[in-house]
Amino acid sequence: MAEDATIVRRPAGARAGLRIAVVMACVLYVWGAPLLRQVGGVRHPVLRGWQMFSGAGLDVTQARYVGVRADGAVFVDPVAAGVAEPGRRGRFQTYGDAREVAEALCGRLGPGADVRLAFREATRKGWRVKERGRVNLCAPAVSGDAERSVVTGAGRAP
Amino acid sequence: MRRFADWLVWSEGSTRAVALVRIGLALLLWDRFAADMLLFRARDALEAGVALSFFAATTLLFLGAWTRAAAAWTAATMIVLFAVIGLGRGVEAYEHHHVFLLVAASVLLALTPCGGSFSVDRWIAVSRASARGDTPPPERGPLYGQRLLAMLISSVYLFATYDKLTPAFLSGERLQHVLLDRYGTSAPPPVPGFEVVCLLGAWGTVAMETALAVGLWVPRIQRPLMVAGALFHGMLYVTLPVGPFSLTMVLLYLAFLDPAVVHRATVRLFHGTFVPLSSEPRDDRSVARTR
């Protein structure tokens with residue numbers, strides 16, 4: 001018989017029973033642990049699932065600033081305008097940071113400026129839109145809170 | 001049912017495929033853990049003990065010396081690393097699924113005859129047979145461990161796919177987050193069509209992982225899928241911090257291959273031509289060819 005041929009050999013006795021038990025236990029764990037955890041929702045440290053990237057990118061935010069002038073809207077880069085020093089890798093950490101930058105932009109552009117912010121942040125359910133850019137954040141009477149909205153999934157702004 | 005049991009539990013074949021997995025897995029364990037295991041990093045006697053155990057066990061595993069014991073020792077060390085230091089002491093890096101894949105692969109490798117080929121054990125066995133004037137013992141052993149390694153990979157792909165069947169992932173938004181996390185800023189991405197690319201990438205990932213979970217078991221499409229899977233993992237490896245996870249997945253593709261095919265390929269590779277070595281199995285009660 002060629003050495004590389006695959007054959008079937010059934011040992012007898014306790015060794016066979018032990019092998020069956022080991023194989024069955026491994027099969028049950030390999031398929032059963034992620035099934036219980038991910039489908040059944042059972043949380044136990046020993047039951048491991050295969051959930052790749054489930055926690056990755058959850059601190060990502062996106063902010064777009066638009067300055068509205070008499071001749072139309074233009075995007076404003078707050079870093080280039082010298083009012084923002086972005087955090088890690090050019091990222092605003094929170095919505096509050098982005099609002100502060102908008103207020104600084106208002107101050108830089110002077111009286112009568114119109115600056116709008118569209119802001120969204122990453123969640124496990126998709127983008128959550130915090131600000132849609134419909135409110136002039138430089139207008140003293142408007143807080144922007146009325147316009148702020150929360151949308152889960154399929155967020156389109158900015 | 002009997003055929004399935006024969007295939008899963010009672011098959012025996014060439015040990016060369018699992019021997020290659022053994023060598024590759026030892027290298028991947030070093031890649032992931034060796035820097036962490038340097039003795040000056042140990043915070044107490046337990047961690048120093050685990051570090052020493054890690055280096056001793058994996059070195060023997062790599063060489064294939066006292067391989068059965070070395071594989072069990074490596075598996076036990078990995079379990080302690082994961083359960084005691086990771087879960088018990090809350091070292092998050094050792095609880096991660098990247099680490100758990102290495103733990104699971106180490107445990108299942110200990111159920112294989114991975115020292116039967118390309119090992120010090122094999123060298124000694126051949127030398128002893130030669131000294132006695134006998135033919136070398138066959139490079140053959142039980143395949144159930146190899147089958148279980150293949151099942152592990154299928155399970156990873158299948159449940160990874162299941163996890164992605166959400167509106168957030170299928171809309172491409174979660175992929176946007178992952179990419180922006182590593183390459184983006186808070187400014188809108190400068191890449192035109194970024195959202196469309198992420199949408200296609202999300203669906204492509206789900207399709208690829210589903211195909212790999214099922215298709216690697218189908219011999220006719222196995223090899224093109226392995227090439228596609230290797231490219232897929234290669235792309236992830238160079239773009240995202242997946243560490244040795246991608247390489248472990250690709251290494252374990254060997255477990256899906258017919259051991260006879262791997263045996264012939266390595267004979268061809270190392271000897272130039274395929275020369276089957278004749279050797280009948282000894283003291284078997286029931287022997288039947290399945291291939």
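Proteins get letters first, then strands, A, B, ... in listed order; numbering begins at 1 in each.
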Run the side-chain contact (heavy atoms from CB on, under 4.5 Å) check on A:L58 and B:R174 step by step: do they pass? CA-CA 9 Å; A:L58 291 178; B:R174 287 295 291 129; 3.6 Å; yes
Heavy-atom check, side chain of [X] versus side chain of [Y], under 4.5 Å:
X	Y	result
B:F159	A:L35	yes
A:M52	B:V156	yes
A:W31	B:L158	yes
A:W50	B:L101	yes
B:Y162	A:V39	yes
A:T123	B:H177	no
A:I7	B:R140	yes

Side chain, backbone, both or neither: which part of [X] has a heavy atom under 4.5 Å from chain A?
X	value
B:L143	side chain
B:F245	side chain
B:S155	both
B:V262	neither
B:L152	both

Side chain from CB out, backbone as N, CA, C, O: work out which of these in A:A33 comes under 4.5 Å of a heavy atom of chain B, or both, or neither. neither
Proximal component of A:Y65, with respect to chain B [non-hydrogen, under 4.5 Å]: neither
Nearest 0.5 Å, please: how far is [atom2] in [Y] from [atom1] in [X]?
X	Y	atom1	atom2	answer
B:T166	A:R124	OG1	CZ	11.0 Å
A:R37	B:D163	CZ	CG	10.5 Å
B:S11	A:R10	OG	CZ	9.5 Å

Grab the two heavy atoms, one from [X] and one from [Y], that are nearest each other, plus how far apart they are.
X	Y	result
A:F53	B:H97	N-CE1, 4.4 Å
A:R19	B:V9	NH1-O, 2.9 Å
A:P45	B:F82	O-CZ, 4.5 Å
B:A168	A:G126	CB-N, 3.6 Å
B:E173	A:W127	OE1-N, 2.6 Å

Yes or no on side-chain contact (heavy atoms from CB on, under 4.5 Å) for A:V60 and B:Q176, after CA distance, side-chain angles and deciding distance? CA-CA 9 Å; A:V60 168; B:Q176 290 177 35; over 6 Å; no
Worked check of side-chain contact (heavy atoms from CB on, under 4.5 Å) between A:M24 and B:L8: CA-CA 10 Å; A:M24 287 304 122; B:L8 176 61; 4.1 Å; yes
With chain A, the option among B:A104, B:A5, B:S154 that has the most non-hydrogen atom pairs under 4.5 Å is B:S154
Largest heavy-atom contact set with chain A, pairs under 4.5 Å, which of B:H98, B:M151, B:H96: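 With the most close heavy-atom pairs to chain A, the winner is B:M151.
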Determine, stepwise, if the pair B:L148 / A:V30 fulfils side-chain contact (heavy atoms from CB on, under 4.5 Å). CA-CA 8 Å; B:L148 291 169; A:V30 163; 5.6 Å; no
Answer yes or no: does atom CZ of A:R43 have more than 12 heavy-atom neighbours from other residues, nucleotides or ligands under 6.0 Å? yes
Might you confirm whether atom CZ of B:R89 has over 12 heavy atoms from other residues, nucleotides or ligands at distances under 6.0 Å? yes
